[in-house]
Protein chains: 2
Amino acid sequence: MATSQTGAGDPKRSSELLWREFEPAQSRPGPKPRLTVEQIVAAAIALADREGLGAVNMRNVAAELDVGTMTLYRYVPGKGELLDLMVDAVSSPGEDEPDPAGMDWREVLEHIATGSLAFYGEHPWMLEVNQRRPVMGPGSLWSLDFALGAFDDHDVTDREAILIITAVWGIATGIALSYLIQDAPADQGGPVSTEEEWWEVQLPYLQRAMESGRYPRMARMEHEDAWNLTAEDAVRHALDAYLEGIAPRMEASRRRGARLRPE
Amino acid sequence: MATSQTGAGDPKRSSELLWREFEPAQSRPGPKPRLTVEQIVAAAIALADREGLGAVNMRNVAAELDVGTMTLYRYVPGKGELLDLMVDAVSSPGEDEPDPAGMDWREVLEHIATGSLAFYGEHPWMLEVNQRRPVMGPGSLWSLDFALGAFDDHDVTDREAILIITAVWGIATGIALSYLIQDAPADQGGPVSTEEEWWEVQLPYLQRAMESGRYPRMARMEHEDAWNLTAEDAVRHALDAYLEGIAPRMEASRRRGARLRPE
DNA sequence: TATTACTGGGTACAACGTACCCGATTAAGG
DNA sequence: CCTTAATCGGGTACGTTGTACCCAGTAATA
């Protein structure tokens, strides 16, 4: 296995591990484990944050924890499952997470979008993970529940809520993919060309392409400032327009003085 | 190199290959090449379409063409560059591509979004490629130029045009990532759990999670229809709302009776 | 015809995931 | 307290990848 896909392993083992907090450990014969799953996941995340997803291999994670490589397999069935655990762990709420109850729908959705950017800034390797199957662990469920908080005071169908959450998440992730993935530490090995070098080399080819007349609209662009956008600029624009688009519907669906009742 | 990243190789070699049509071959000593770069790229794309990105390795591509593995290295510096070429090749215009000149801004942007979905449906492996650096070849430039056609009749700044294109592209790609990547042929090897199996196994855990009271909003959802969304549904919703949001600006910027002049 | 650059592709190695194995350890039963 | 058996740490080794290196065959040029 070489690629980095979620849901690659045995779903039963993955689920057991994701929800491990639900079955407390019981006393068993044999030596005390030296590690915990949490330690392994934390080490793998630290490694990914620091050196990129390419550096996350079983040998490196084991070295990070100063244990033998094969020891990891006592705790985690394989690399695929470890990746699932990493994804769910970073999706879990932080210390200072606000409570969506009491926030306006706009605030919640904006918090999701800007929070996603900050999130991908901290964990750019998350943009490289192929979330082939949704990882449904405690952290991911929490994220979804948080997002649903946008509609606490509104009468929208479940379907509509999902559509809106999907759209906001899609905007944030789609744009983060364009702008942030390049900040992730790359697998080194080849000629470690910097961003400047990269463009410098391409420039003459692009120049000739522009002069070829095959890209008339591009050729007419002022290159200077148009491309100097940040992910924040792009998300702000897209989100503002999108929220403007759904605002009438949201305002129409607002319930009168309702609060989330934990019935 | 194990991961699938663009821009991984030598940028000079990549550019030369991307723009190979610009330097015509000249007569040289030595045997005639048995292959062309086009053939190799086409074989790799066919393989990726059919068996997934995981099946694209140098040995398989060579077997597809009935040549020795190392022969490929006569034409392509390495797998990273081959991936760049694949990405640019599938981004090139098809036979029946409409001309954005003469289309309304809405039509162009909608065509980009729905076209993207169809595109990812045909080449789901594109969702797995980490576009760490933009591949600036003939195909990608053409896509950009096409998108800029949305503004032929409008007075918008270059910056604004890029913002809008980025938003539409981000919406389509972000949503495709959620909905379509699961349709890509998976790297087989482990327990090849189907979609149903996957959910069946997770269900009891999710049930317990819902009963735990930690996800009150999720627990209150009607699961039946809310999750049965297609990528088309999600994109239509997001794009409609977004276009609604930028419509005032676009209408305000419309030029009077202007047409694209190939000056 | 001789030269020379280029072609096909076999061999081999390094990095990876992980199957398999063995000895050391420790809770539970007597 | 001692036996038993499950569990732990982790070394060895193999299969799969990308690709460096090499050599022999080939064809345009001089």
Side-chain angles (χ1 to χ4, degrees), chain A residues 1-6 8-10 13 25-37 39-40 43-44 47-48 51-84 86 186-191, chain B residues 1-6 8-10 13 25-37 39-40 43-44 47-48 51-84 86 186-191:
Chain A
M1 202 240 313
T3 48
S4 303
Q5 310 191 2
T6 65
D10 185 358
R13 297 297 315 271
Q26 54 213 24
S27 163
R28 300 140 137 284
K32 290 292 177 209
R34 199 209 285 196
L35 299 175
T36 63
V37 175
Q39 278 177 61
I40 295 175
L47 195 58
E51 297 175 39
L53 197 57
V56 177
N57 59 55
M58 300 309 263
R59 278 169 247 254
N60 282 353
V61 174
E64 190 95 347
L65 293 161
D66 210 41
V67 297
T69 305
M70 295 315 291
T71 301
L72 300 181
Y73 288 89
R74 294 276 159 205
Y75 300 86
V76 166
K79 194 190 174 185
E81 288 83 354
L82 175 56
L83 199 70
D84 285 357
M86 292 169 66
D187 297 11
Q188 59 247 41
Chain B
M1 199 241 313
T3 47
S4 303
Q5 309 190 1
T6 65
D10 184 357
R13 297 297 315 270
Q26 56 214 25
S27 163
R28 299 137 136 285
K32 292 290 177 212
R34 198 208 288 195
L35 300 174
T36 63
V37 176
Q39 278 177 62
I40 295 176
L47 195 58
E51 297 175 38
L53 197 57
V56 177
N57 59 54
M58 300 309 263
R59 276 169 249 255
N60 283 351
V61 173
E64 191 94 349
L65 293 161
D66 210 42
V67 297
T69 305
M70 295 315 292
T71 299
L72 300 182
Y73 288 89
R74 293 279 158 205
Y75 300 85
V76 166
K79 194 189 174 187
E81 289 83 356
L82 175 55
L83 200 68
D84 285 358
M86 291 169 66
D187 295 10
Q188 58 247 45

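Numbers restart at 1 for each chain; the letters A, B, ... are given by sequence-line order, proteins then strands.
- The nearest whole Å value for the distance from the CE atom in M58(A) to the P atom in dT16(D) is 19 Å.
- With dG9(C), dA5(C), dA27(C) as the choices, the nucleotide that has an atom nearest any side-chain atom of R74(B) turns out to be dG9(C).
- Note on T69(A): every side-chain N or O is 4.0 Å or more away from OP1 and OP2 of dG10(D).
- With dC8(D), dT7(C), dT19(D) as the candidates, the nucleotide lying closest to the side chain of M70(B) is dT19(D).
- V56(B) comes within 4.0 angstrom of the backbone, heavy atoms only, and of no base.
- Between Y73(B) atom OH and dC22(D) atom P there is a gap of 17 Å when expressed in whole angstrom units.
- Two residues are said to be in side-chain contact when any heavy atoms from C-beta on lie closer than 4.5 Å; V56(B) and L83(B) fail this criterion.
- As rounded to whole Å, 10 Å separates atom C1' of dG9(D) from atom CG of L35(A).
- Residue K32(A) has no polar side-chain atom (N or O) positioned under 4.0 Å from OP1 or OP2 of dT7(D).
- When the P atom of dC16(C) is taken as reference, atom CG of L53(A) falls 13 Å away, rounded to whole Å.
- Rounded to a whole Å, the CG atom of L65(A) is 14 Å from the C1' atom of dG10(D).
- Nearest nucleotide to the side chain of T71(A), out of dG10(D), dT4(C), dT17(D): dG10(D).
- The interatomic distance linking L83(B) (CG) with dG18(D) (C1') rounds to 14 Å, in whole Å.
- In this structure, the separation between CD on Q39(B) and CZ on R34(B) is 10.0 Å, given to the nearest 0.5 Å.
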Would you list the atom pairs, donor with acceptor, under 3.5 Å between side chains in residues 57-65 of chain B and any protein atom, with sequence neighbours excluded?
from, atom 1, to, atom 2, distance (Å)
N57(B), OD1, R59(B), N, 3.2
N57(B), OD1, N60(B), N, 2.7
N60(B), ND2, A55(B), O, 2.8
E64(B), OE1, R50(B), NH2, 3.2
E64(B), OE2, R50(B), NH1, 3.1
E64(B), OE2, R50(B), NH2, 3.2

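- Of the two residues contacting DNA chain D, namely R28(B) and N57(B), the nearest-nucleotide position lying further toward the 5' end is that of N57(B).
- The residue G68(B) sits close only to the backbone: its heavy atoms come under 4.0 Å of sugar-phosphate atoms, none of a base.
- The listed nucleotides are dG8(C), dT26(C), dG10(D); the one nearest the side chain of P31(A) is dT26(C).
- Considering CE of M86(B) and CG of D84(B), their distance stands at 10.5 Å, rounded to 0.5 Å.
- In this model, the phosphate group of dG9(D) is approached by a side-chain N or O of Y75(A) to a distance below 4.0 Å at OP1 or OP2.
- The phosphate of dG10(D) has OP1 or OP2 within less than 4.0 Å of a side-chain N or O from R34(A).
- Judged purely by atom type and a 3.5 angstrom limit, Y75(B) uses its side chain to pair as donor or acceptor with the backbone of L35(B).
- Remark: C1' of dT17(D) and NZ of K79(A) are 13 Å apart, rounded to the nearest angstrom.
- Regarding L72(B), its CG atom lies at a distance of 12 Å from the P atom of dG10(C), rounded to whole Å.
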